[in-house]
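Inspection log for the structure reproduced underneath, given as C-alpha cells.
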Amino acid sequence: MERLNFQVIEKKWQSIFDKEKLYSNKSSKKFYCLEMFPYPSGKIHMGHVRNYTIGDVIARFKFMNGFNVLHPMGWDAFGLPAENAAKENNLHPKKWTEKNISEMKRQLKLMGLSIDWDLEVSTCDENYYKHQQEIFIDFYNEGLVKRKENYVNWDPVEQTVLANEQVINGKGWRSGAVVERKKLSQWFFDITKFSNDLLKGLDELDSWPEKVKIMQKNWIGKSIGCEINFKIEGENNNINVFTTRPDTIFGASFLAVSVDHPICAKFLKNEKYNNFKSECLKVGTTEEALANAEKIGYDTNLFASHPFIKGKKIPIYVANFILMDYGTGAIFGCPAHDQRDLDFAKKYNLQITEVVSDNPNKPKNFSVLSEAFVDNGTLINSDFLNGLTVEQAKAKIIKEIEKLKIGKKKITFRLKDWGISRQRYWGCPIPMIHLKNGSIVPVDKSELPIKLPEDIDLNKGGNPLENHKSWKYTIHKKTGNPAVRETDTLDTFVDSSWYFLRFCSPMTKTEPFDIKKVNYWMPVDQYIGGIEHAILHLLYSRFFMRALKKNNKKIKDNEPFKGLFTQGMVCHETYKDQKGKWLSPLEVEKNSDGALQKISDKTKVIVGPSESMSKSKKNVVDPESMIKSYGADSVRWFILSDSPPEKDIQWSNQGVNAAYKFLQKIYNLCYEVNKGSEKNSNLDKSFNLKMNSYVNKITKCINNFNLNVVVANVYEIYNLFQSHLSKEVSNTCMKNNLIKLMKILVPFTPHIAYECLEMLGAKEIKTWPKVDTKLIKQEKIKIAIQINGKTRDVIEIDKGISQISVEKLCKNNNKVKNKILSKPVHKVIFVKDRIINFIMK
RNA sequence: GCCCUCGUGGUGAAAUUGGUAGACACAAAGGACUUAAAAUCCUUGCCCUUUUGGGAGUGCCAGUUCGAGUCUGGCCGAGGGCACCA
C-alpha cells in the first residue's frame, strides 16, 4: 500500500496552479464563472468552502471542455464590522481589513481553487471606489440619484440608517436592535424608475432558481388598479385614492388617509389629532406590535361625496394602517370585501354593504360575519355593474372613471427607492459637496477619488467624517467658494453592485471598466452564492446594469447574471452542557458507550438539532484545521458528496474521514495499476463500454449541478475497477480508463487527480474525457420482465432489441416461462430498452 | 393571513422525468485477519418461509394508467419568503 501524503502533493500542485494557470484557455468561447465575493471577516468558514468548491468544479470543468474561463476573486471590504473591530482592538479599519484579506487569501489558496489572483479586487481600495464615485456622479447627472427627506429606519445600536431590505421583522439585520423611525435627508438611487423593467427582465432568466425569481417578483410587487378622486364636501379639495378593487366602489363606506397625508396638515394644531398621531408612531415597527396592532382611526369630521351615488356622503378618517409611501397614501374602504376595512368599519360602526356575492339570492350580513369576502363573484347593489364578474366590473368602472375624468387606470409597485446614505466612516465617500447657497453639487471628476481620511477618531461616537474638520471643509473647485463635503458614505451594497464588471478589466485606470472587455465577458455565465442575497444584492446588481446601460449606451446586456445557483447552508449538530451552555464540537468527545460527553469534566452532553453553523451556537468547524487533518481534496470531496448542492448539508467528521479514506484508496488503485503487468483482454470491450457510459452520465450531472450524484458515480466506478482487478481486463485498458477517471476528478479533487495523472504518465491532462456516442449505442442494458405490472426478473440484453426477440427470451427464461405459458396472455406492453409487461387475465 | 418548496430505510440521499424503488455513502450488528487494538475486507439490514420463493412498501385518502416516488384532486406534516402594499 502506498501512503497518500496529501501535504506534499497539495503544496506541490498549488504552486503549479499559481505559476502555470492551468485554467486559462485561449479559446473563442468564453465562460464567466463567479462566486459571490466574501466579506473579509478574518477567517474563511465552511459556507465559503462549499461556495468556492462548487464554483471551482464548474470553472475547471468548463475549462477542460474548451472554454476560456474567467474565474476571479475579490473582497467586499467596506462595512461596519471593521469599525467595531477597530474600536475593540484599537486597530484602524484599513489595517484590520488588510490583515483579514491577506489571512483569508492564504486560506483560500489552501483549497486549491483555480482563481486568477491577478484580477483580485478590493472594494475599499481607492482604485476601486474612485470609479464608484465616478459612477455615482454619472448616475446623478442622469437623474438617477435623488435627495429626499424621508422617514428612515434608524438602527440605534449601529447609529445608522438601514434600507428597507435590511430591516428584518422590525429589527436591524446585523445588530438585531429594534429599528426606530426617524426623519432625515438621504440620498436615494431611483431604482423604482426600472420597476417594470426589473420585473419583465425576470422572464428571460431561465437559468435562475424559480424561488429567487418569485421572491424578486413579490418584492417588486406590481399591482394593477386605478386612482379615483373623491371631492371633499364643502371644500375645493380632493382626495386621490388608489385601489385594486375599483369594482367595489358602490360598497365604499369611508375614506382613510395616512397620518402623513398632506390633508392632515390642518389638524396639527388639534390636540386630539396630535395624540392620535403619536399613538400611531408609538406602535413602531416591531414584529409584535405589527402583529397585534389594532386598527385605529381619527375621525376628521370631513366628508367626501361618492362619485357614483348622488348625494351620498362618506366619512373621512385618518387611519394607522394606511402607508404614505404606497399608492397615494389614501384608500376608500369597502368593508364587505377587505379584511382590514371590515375590522375598521366594525370598530367605528360604519356602513357595510355587500357588493360582490357568490350567491346573489342570499345576502350576507357582514356586520356579524368576521371574514370579508375577497373571492370572485357576481356584482350586486352596484347600479350599472350589477350582474358582472369582478373582472368585467373592473374594466367597466375604470372606463367610466376615465370618462368622467375623476381618475385613471394606474399601476403601482411595492418596490421603493434604494436609500444609499450611511452615517458611517468605513464606506465609499459620496462625492457631493454642499454649497453655502444651499445647493448640493457633485465634485469635479478630476478631484476623484475623494479619499477617506485615515486620521480619524472612532471613539467619539456618531460619524467620524462628520467630526473630521479638515476633511469636511473644502472648496468648490469651479467657484473657489467654501463648501462642506457630504459626510455620508455609500451603502456597501453599492460596492457589490458592479464588482463583476470591474473583474473584466481590474487594471483599467481611467474608467470603471473597459467596455470591450465587459462586452466580451459579460454576462456572468454562472453566478454562485447564498440564497440570503435573493433580493438585495441581486436586485441592486440588476438595477446597476440597467442604470449603467442608460448612461453608457455601449453596454450590451441588461442582465448581469445569466445563470444563478444558490447553494444551501452548512449545518452541524448543536451541543449543550448540563447547565445549558453551548459547546463547540472541540469540547465534546465520545465516551465508551458511544454517548457524547464534555471533555473537561466528563459530564453528559445534550445533543441538539443540526443547525446552520454560527458563532452564537458554537457549532462551527474551522476549515483550515480540517484541511490540515484531512487535506483540501478530502474536504472538497466531502462537502460535495452528501447532499445536493442547493440543499443544506450536515458537516460530519466521519464524513470527511470517509472522503479521506476513499481518496487514499483511489491513490492506491493508481499505484497498483501503474506497476501492474499485462493481462488477458477478454473483458476490455465491456469495461470500456461501462466507463464510457459513466463519463456520459457524469458530464450530464455536472451540467445539471447534480454534484452529489457525480460523487456516487465515482464510487461506483471505483467499485467497478476493484471488481475487475482480478478479471481479464488488460493493464493498458485499466490504465487508460483510470486516466479518464482522474480527469473526471480534476474539478473535484485537483491535487490528487493531477498527481495520479502524472504518476500514470498521462500525456495530456487539460481536456475532459470525450464521450464516444458510438459506444453508447453498443451498451448492454437491463430490462425488467413484468407480469401484471410486477417485476419478476431482470435480464441483460443489447440495446434496441425488438419486441419479438424479447418475448422469445422471456419464453426461455426459467423464472417467468411457466407463468407466461400456463395461461393465455391478454396483452403485451413493450417499451424498447425499458420494460416488457405481460398482462394476464 | 398570503406566496413558495419539500415529505423515500437508523441517517444523508439516488431513481434515465410515467417503466427494476432504496443506487452510492454514513451509522449499526455479526464475522474474517491480528496476541490485541487500529486499519482493511466480507455479510446482514421490513414481514412470512429452512431454502427455492412470496408479500407489503416512497406522509395519509382517493383517482388516471398495463404500470405512479413521479401525473390529478383532497387531507396531514415540516421548512422558507412576505407581511397593515389598498
Side-chain angles (χ1 to χ4, degrees), chain A residues 1 168-170 209-219 221-223 225 241-246 248 256 258 283 287 289-291 293-295 319-323 325-334 337-341 343-344 371 374 412-416 531-532 534-535 594 610 638 641-644 646-650 652 654-655 657-659 661-662 664-665 693 696-697 700-701 706 708-719 722 781-795 815 826-831 833-840:
Chain A
M1 185 159 135
I168 295 152
N169 290 332
E210 216 47 44
K211 188 163 77 166
V212 175
K213 286 197 275 183
I214 287 167
M215 279 163 80
Q216 291 215 356
K217 198 179 157 199
N218 292 341
W219 192 266
K222 179 176 181 172
S223 49
V241 307
F242 173 72
T243 179
T244 56
R245 293 295 303 271
T248 63
S258 161
V283 171
E287 186 183 8
L290 277 176
E294 202 188 339
K295 284 167 187 56
N320 64 338
F321 63 95
I322 307 301
L323 309 171
D325 51 6
Y326 183 78
T328 58
I331 61 140
F332 76 76
C334 176
H337 306 291
D338 183 286
Q339 193 58 47
R340 290 155 306 176
D341 296 351
D343 296 344
F344 193 78
E371 251 180 75
V374 294
T412 299
F413 294 91
R414 214 184 67 117
L415 183 68
K416 294 185 181 94
I531 187 80
E532 66 273 20
I535 300 171
S610 184
F638 169 66
S641 68
D642 251 23
S643 294
E646 69 277 11
K647 282 179 70 173
D648 287 355
I649 192 171
Q650 287 213 43
S652 91
Q654 269 153 349
N657 189 43
K661 282 197 265 184
F662 176 69
Q664 167 73 63
K665 287 199 274 185
S693 156
N696 184 36
K697 237 167 144 179
K700 283 182 185 158
C701 279
N706 299 324
N708 57 322
V709 185
V710 174
V711 171
N713 277 305
V714 169
Y715 277 112
E716 282 186 32
I717 296 174
Y718 172 79
N719 293 340
Q722 276 300 326
I781 44 126
K782 283 175 179 171
I783 178 166
I785 305 171
Q786 296 188 337
I787 292 170
N788 289 337
K790 275 185 186 146
T791 304
R792 297 299 166 177
D793 198 16
V794 177
I795 52 170
K815 283 186 183 167
H826 178 62
K827 196 179 169 188
V828 180
I829 311 279
F830 178 76
V831 182
D833 297 345
R834 290 274 164 84
I835 203 154
I836 185 159
N837 188 4
F838 294 91
I839 311 303
M840 328 279 293

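Each chain gets a letter, A, B and so on, in the order the sequences are listed, and its residues count up from 1.
- Of all nucleotides listed (B/A25, B/A86, B/C3), B/C3 comes nearest to the side chain of A/Ile214.
- A/Glu532 pairs by the side chain to side chain donor-acceptor pair (under 3.5 Å) definition with nothing, not counting sequence neighbours.
- Contacts of A/Lys661 with the nucleic acid, taken as non-hydrogen atoms under 4.0 Å apart, involve only primed sugar atoms and P, OP1 or OP2.
- Side chains of A/Gln786 and A/Ile835 form a contact here, defined as non-hydrogen atoms less than 4.5 Å apart.
- Atom CD in A/Gln654 sits roughly 15 Å away from atom P in B/A38 (whole-Å rounding).
- Looking only at side-chain heavy atoms (C-beta outward), A/Phe662 and A/Val714 come within less than 4.5 Å of each other.
- The shortest distance between the side-chain N/O atoms of A/Thr328 and the OP1/OP2 oxygens of B/A86 is not below 4.0 Å.
- Every residue two or more places apart in sequence or in another chain was checked for a salt bridge (charged side-chain N to carboxylate O under 4.0 Å, His left out) with A/Asp341, and none qualifies.
- Syn is the classification of B/U17, since its glycosidic angle stays within 90° of 0.
- For the P atoms, the distance linking B/U64 with B/C6 amounts to 26 Å, nearest Å.
- Residues satisfying the salt bridge (charged side-chain N to carboxylate O under 4.0 Å, His left out) criterion with A/Glu210, sequence neighbours excluded, are A/Lys213.
- In this structure, A/Asn713 reaches neither bases nor backbone, as no heavy-atom distance under 4.0 Å exists between it and the strands shown.
- Look at B/G9: its glycosidic torsion is within 90° of 0, and that puts it in the syn range.
- What separates CG of A/Asp338 from P of B/G1 is a distance of 16 Å, to the nearest Å.
- Taking the side chain to side chain contact (heavy atoms under 4.5 Å, CB included) definition, one finds that A/Ile836 meets it with A/Ile785, A/Val806, A/Glu807, A/Cys810, A/Val828, A/Phe830, A/Phe838, sequence neighbours left out.
- For A/Lys665, a side-chain nitrogen or oxygen approaches OP1 or OP2 of B/C41 to under 4.0 Å.
- Of the C1' atoms belonging to B/C42 and B/C33, the separation is 11 Å, rounded to the nearest Å.
- Pairing of B/C60, defined by two Watson-Crick or G-U wobble distances under 3.5 Å, is identified with B/G74.
- Residue-level contact check: A/Lys213 touches neither bases nor backbone, having no heavy atom under 4.0 Å from any strand.
- Here the shortest heavy-atom pairing between A/Thr244 and A/Ser223 reads CG2-CB, 3.9 Å.
- For the pair A/Asp833/A/Ile783, no side-chain contact is recorded, criterion being any heavy-atom separation below 4.5 Å from C-beta on.
- For the C1' atoms, the distance from B/U70 to B/U16 is 13 Å, rounded to whole Å.
- Judged as a side chain to side chain donor-acceptor pair (under 3.5 Å), and not counting sequence neighbours, A/Asn657 has no contacts.
- For the OP1/OP2 pair of B/A25 and a distance below 4.0 Å, the side-chain nitrogens and oxygens of A/Tyr715 include no atom meeting the criterion.
- Both A/Ile783 and A/Asn706 lie near RNA chain B, and the one whose nearest nucleotide falls closer to the 5' end is A/Asn706.
- Rounded to whole Å, atom P of B/A86 lies 15 Å from atom CD of A/Gln339.
- Across all strands shown, A/Ser652 has no heavy atoms under 4.0 Å from either base or sugar-phosphate atoms.
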Which atoms of nucleotides 64-71 of chain B (N or O only) lie under 3.5 Å from a protein N or O atom, and what are those distances?
from	atom 1	to	atom 2	distance (Å)
B/C66	O2	A/Asn837	ND2	2.6

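- Between the NZ atom of A/Lys295 and the P atom of B/C84 there is a distance of 10 Å, rounded to whole Å.
- What separates CD1 of A/Ile535 from P of B/G80 is a distance of 15 Å, to the nearest Å.
- Picking from B/G81, B/G19, B/U20 the nucleotide with the shortest atom distance to the side chain of A/Arg834 gives B/G19.
- Of the C1' atoms belonging to B/C75 and B/A29, the separation is 39 Å, rounded to the nearest Å.
- Listed pair A/Arg792 / B/G55 meets the phosphate criterion, a side-chain N or O lying under 4.0 Å from OP1 or OP2.
- Residue A/Phe242 is classed as a base contact, given a heavy-atom separation below 4.0 Å to a base.
- Considering only side-chain atoms of A/Ala784, the nucleotide from B/C26, B/C3, B/U20 that sits closest is B/U20.
- For B/C26, neither phosphate oxygen OP1 nor OP2 lies less than 4.0 angstrom from any side-chain nitrogen or oxygen of A/Asn657.
- The separation between A/Asp341 atom CG and B/A86 atom P is 12 Å, rounded to whole Å.
- Using the Watson-Crick or G-U wobble rule with both distances under 3.5 Å, B/U11 pairs with B/A25.
- Annotation: side chain of A/Asp325 is in contact with side chain of A/Lys416 (closest heavy-atom distance under 4.5 Å).
- When the side chain to side chain contact (heavy atoms under 4.5 Å, CB included) test is applied to A/Lys211, the partners found at least two apart in sequence or on another chain are A/Met215, A/Ile531.
- If you take CD of A/Glu716 and C1' of B/A15, they are 12 Å apart, rounded to a whole angstrom.
- Counting any heavy atom pair closer than 4.0 Å across all strands shown, A/Lys697 reaches no nucleic acid atom.
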- request: Give the B/S/- string for nucleotides 9-14 of chain B, one per nucleotide from 5' to 3', where a protein heavy atom under 4.0 Å of the base yields B, of only the sugar-phosphate yields S, and otherwise -.
  value: ---SSS

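- Among the protein residues, A/Ile785 comes within range of no part of the nucleic acid, since none of its heavy atoms lies under 4.0 Å from any strand.
- Between A/Glu532 atom CD and B/G81 atom P there is a gap of 11 Å when expressed in whole angstrom units.
- Here A/Asp793 pairs with A/Lys815 under the salt bridge (charged side-chain N to carboxylate O under 4.0 Å, His left out) rule; sequence neighbours left out.
- Residue-to-nucleotide proximity on RNA chain B shows that, of A/Thr243 and A/Gly655, the 5′-proximal contact is made by A/Gly655.
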